[in-house]
2 protein chains.
Amino acid sequence: MTRKPCPGTLVSMSERPTPTLREEDFLRLDGQICFALNSASRAFNGLYRVVLKDLGLTYPQYLVMLVLWEHGTTPVKEIGTHLRLDSGTLSPLIKRLEVAGLVHRERSTEDERSVHVGLTEAGTALRARAVEVPRRIAAATGFELAEIRDLQTRLHRLTAALDAAVPQA
Amino acid sequence: MTRKPCPGTLVSMSERPTPTLREEDFLRLDGQICFALNSASRAFNGLYRVVLKDLGLTYPQYLVMLVLWEHGTTPVKEIGTHLRLDSGTLSPLIKRLEVAGLVHRERSTEDERSVHVGLTEAGTALRARAVEVPRRIAAATGFELAEIRDLQTRLHRLTAALDAAVPQA
DNA sequence: CACAATTAAGTTGTGCACAACTCAATGACC
DNA sequence: GGTCATTGAGTTGTGCACAACTTAATTGTG
């Protein structure tokens, strides 16, 4: 009942060379490279959820705070460039950070289209408590630093390749 | 104005050995290992969105279809085990697949708590068109097969480690 | 200068992820 | 056999991601 043998009725496969894999296997492989990434990302998210609970931050909010701690007051647009996010995601997120009293927004005087996001005192103070977060995360992975670096490099290459492959982006 | 030099006023760092990295660097490193993963995952998602548009599927819906194509009729619970998702996510998602006419749901007779999800004819037929998806994705990454495999292995290890680190999960 | 194209932020709507919950069916134990 | 804990599906509420849109400011070009 469970293992239904795949019916041979597939699309034409007369054209391609297909070195070692057939159509069948491909559908499985696929369910893994993208899926492995997806799973790992969500697993990370779950861990961050626990670790960041004390700080009252979600993971994406934490990312925005990281940008601000590193670069200081930053226009929304630039935060988006750093994080690969658009205003549709950032506007409400930053609004929540504002309600939480961690950041303030101010429209630029030179260019009134732009809004600068800066840290409040509470936001600045939170950094001290956030410093221990990365260590806890890194410890949880159980990975060597070198391996993390390596993984990082590959992922960057992958992201770049994928971005390049998407038309409009 | 842009590069604010980090003020030295941080938390105590007298205890730990810290081989090569200081607190400062850690906060940056962090913003990358997790973030690299997050970015790659979202980049993948963006590519899938384009590729799957023809099929009228989102990426998570595609994952569910993959499970069904591979295993045939499957209880919701088991789909969740395969995909690392709970009923809170799956119930509405599967309902949308049902509305689209790709799957049907039927309450089990042996155990009336359980709901079996099976493919309709349209759902089965869609497989033929989905077969080309993995190739297009793989091509877009520009990665060698071996490298994909390697990355996959590392990500699985990472996910396992992260899951183990989260208390309740 | 005027006017079209571009740009930045924000809004709206859809779908996913997940916590916390309800409800009904099942299983375990006395 | 009756009671209670557990299990599977589903609902509700919050937040994120992103497409498509609106609005206002800026820039480019005739």
Side-chain angles (χ1 to χ4, degrees), chain A residues 34-35 38-50 52-53 56-64 74-81 83-100 105-117 163 166-169, chain B residues 34-35 38-50 52-53 56-64 74-81 83-100 105-117 163 166-169:
Chain A
C34 54
F35 178 58
N38 191 312
S39 282
S41 177
R42 273 162 45 218
F44 248 125
N45 222 302
L47 181 56
Y48 271 102
R49 187 170 299 120
V50 175
L52 291 175
K53 199 171 201 173
L57 293 175
T58 65
Y59 175 58
Q61 288 168 9
Y62 170 71
L63 291 180
V64 170
T74 308
V76 173
K77 174 70 179 180
E78 201 180 315
I79 297 178
T81 307
L83 300 183
R84 230 176 144 282
L85 290 170
D86 67 358
S87 67
T89 301
L90 288 175
S91 286
L93 190 158
I94 292 172
K95 195 173 291 178
R96 282 186 283 270
L97 288 178
E98 193 177 28
V99 169
R105 276 184 299 179
E106 199 177 346
R107 209 156 266 281
S108 167
T109 49
E110 308 122 30
D111 185 343
E112 299 226 344
R113 291 171 304 180
S114 177
V115 168
H116 294 309
V117 183
D163 276 344
V166 177
Q168 31 62 292
Chain B
C34 54
F35 177 60
N38 191 311
S39 281
S41 177
R42 274 162 46 222
F44 248 124
N45 222 302
L47 181 56
Y48 271 103
R49 187 170 299 117
V50 175
L52 292 174
K53 199 171 203 173
L57 294 175
T58 66
Y59 175 58
Q61 288 167 9
Y62 170 70
L63 291 180
V64 170
T74 309
V76 173
K77 175 71 178 178
E78 199 180 315
I79 296 178
T81 308
L83 300 183
R84 235 177 141 280
L85 291 169
D86 67 358
S87 68
T89 300
L90 287 176
S91 285
L93 188 158
I94 292 172
K95 195 173 292 179
R96 279 185 284 271
L97 288 178
E98 193 177 28
V99 169
R105 276 185 299 180
E106 198 176 345
R107 209 157 267 279
S108 167
T109 49
E110 308 121 31
D111 185 342
E112 297 227 345
R113 292 171 302 180
S114 178
V115 168
H116 294 309
V117 183
D163 275 345
V166 176
Q168 32 60 292

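So you know, we letter chains A, B, ... as the sequences are listed, proteins then strands, and number each from 1.
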Worksheet item: Expressed in angstrom and rounded to an integer, what is the separation of Arg42(B) atom CZ from dA19(D) atom C1'?
Response: 15 Å
Worksheet item: Leu47(A) CG to dA17(C) P: how many Å, rounded?
Response: 18 Å
Practice prompt. Would you mind telling me which residue lines up with the more 5' stretch of DNA chain D, Gln61(A) or Thr109(A), judged by nearest nucleotide?
Written response: Gln61(A)
Discussion item. Using modelled atom types and a 3.5 Å cut-off, is there a donor and acceptor pairing between side-chain atoms of Arg42(B) and backbone atoms of Arg84(A)?
Written reply: yes
Worksheet item: Listed by chain and number, what are the side chain to side chain contact (heavy atoms under 4.5 Å, CB included) partners of Ser91(A), not counting sequence neighbours?
Response: Ser87(A)
Worksheet entry | 5'-most by nearest nucleotide on DNA chain D - Leu93(A) or Gly88(B) | Gly88(B)
Worksheet item: Does any N or O in the side chain of Asp86(A) come within less than 3.5 Å of the main-chain N or O of Thr89(A), such that one atom is a donor and the other an acceptor?
Response: yes
Fill in: side-chain N/O Ser114(A) vs dA25(D) OP1/OP2, d < 4.0 Å
no
Practice prompt. Just call it for Ser87(B): base, sugar-phosphate, or nothing, with non-hydrogen atoms closer than 4.0 Å on any strand.
Written response: base
Fill in: Protein-nucleotide distance (Lys53(A), atom NZ; dA20(C), atom C1'), rounded to Å
11 Å
Worksheet item: Heavy atoms under 4.0 Å, any strand shown: does Asn45(B) hit a base, just sugar-phosphate, or nothing?
Response: nothing
Discussion item. Whole angstroms only, please: what is the CG-C1' distance between Leu52(B) and dA19(D)?
Written reply: 16 Å
Discussion item. Heavy-atom nearest nucleotide on DNA chain C for Thr58(B) versus Lys77(A): which residue maps closer to 5'?
Written reply: Lys77(A)
Practice prompt. Report the distance from atom CZ of Arg113(A) to atom P of dT6(C), rounded to the nearest whole Å.
Written response: 13 Å
Discussion item. OP1 or OP2 of dG10(C) versus the side-chain N and O atoms of Arg105(A): is any pair under 4.0 Å?
Written reply: yes
Worksheet item: What nucleotide among dG10(D), dG10(C), dA17(C) has an atom nearest to a side-chain atom of Val115(B)?
Response: dG10(D)
Item to complete: Nearest whole angstrom, please: distance from the P of dG10(D) to the CG of Leu90(B).
Response: 9 Å
Worksheet item: Any donor-acceptor pair under 3.5 Å linking the side chain of Gln61(B) with the backbone of Thr58(B)?
Response: yes
Worksheet item: Which is true for Ser91(A) with a 4.0 Å heavy-atom rule: it touches a base, it touches only sugar-phosphate, or it touches nothing?
Response: base
Discussion item. For His116(A) versus Ser114(A), what's the shortest heavy-atom pair and its separation?
Written reply: CE1-OG, 4.0 Å
Worksheet entry | Most 5' of Pro75(A) and Ala43(A) on DNA chain C, judged by nearest nucleotide | Pro75(A)
Worksheet item: Considering residues at least two apart in sequence or located in another chain, which fulfil the side chain to side chain contact (heavy atoms under 4.5 Å, CB included) criterion with Glu112(A)?
Response: none
Discussion item. Counting the atoms with a prime plus P, OP1 and OP2 as sugar-phosphate, which does Thr89(A) contact under 4.0 Å by heavy atoms, base, sugar-phosphate, or nothing?
Written reply: base
Discussion item. Is Lys95(B) close enough to dT11(D) that one of its side-chain N or O atoms is under 4.0 Å from OP1 or OP2 there?
Written reply: yes
Discussion item. Rounded to whole Å, how long is the line connecting atom CD1 of Ile94(A) with atom C1' of dT11(C)?
Written reply: 15 Å
Worksheet item: Rounded to the nearest Å, what distance is computed from the CZ atom of residue Arg49(B) to the C1' atom of nucleotide dA19(D)?
Response: 8 Å
Worksheet item: Closest to the Asp111(B) side chain: dA25(C), dG15(C), dG10(D)?
Response: dA25(C)
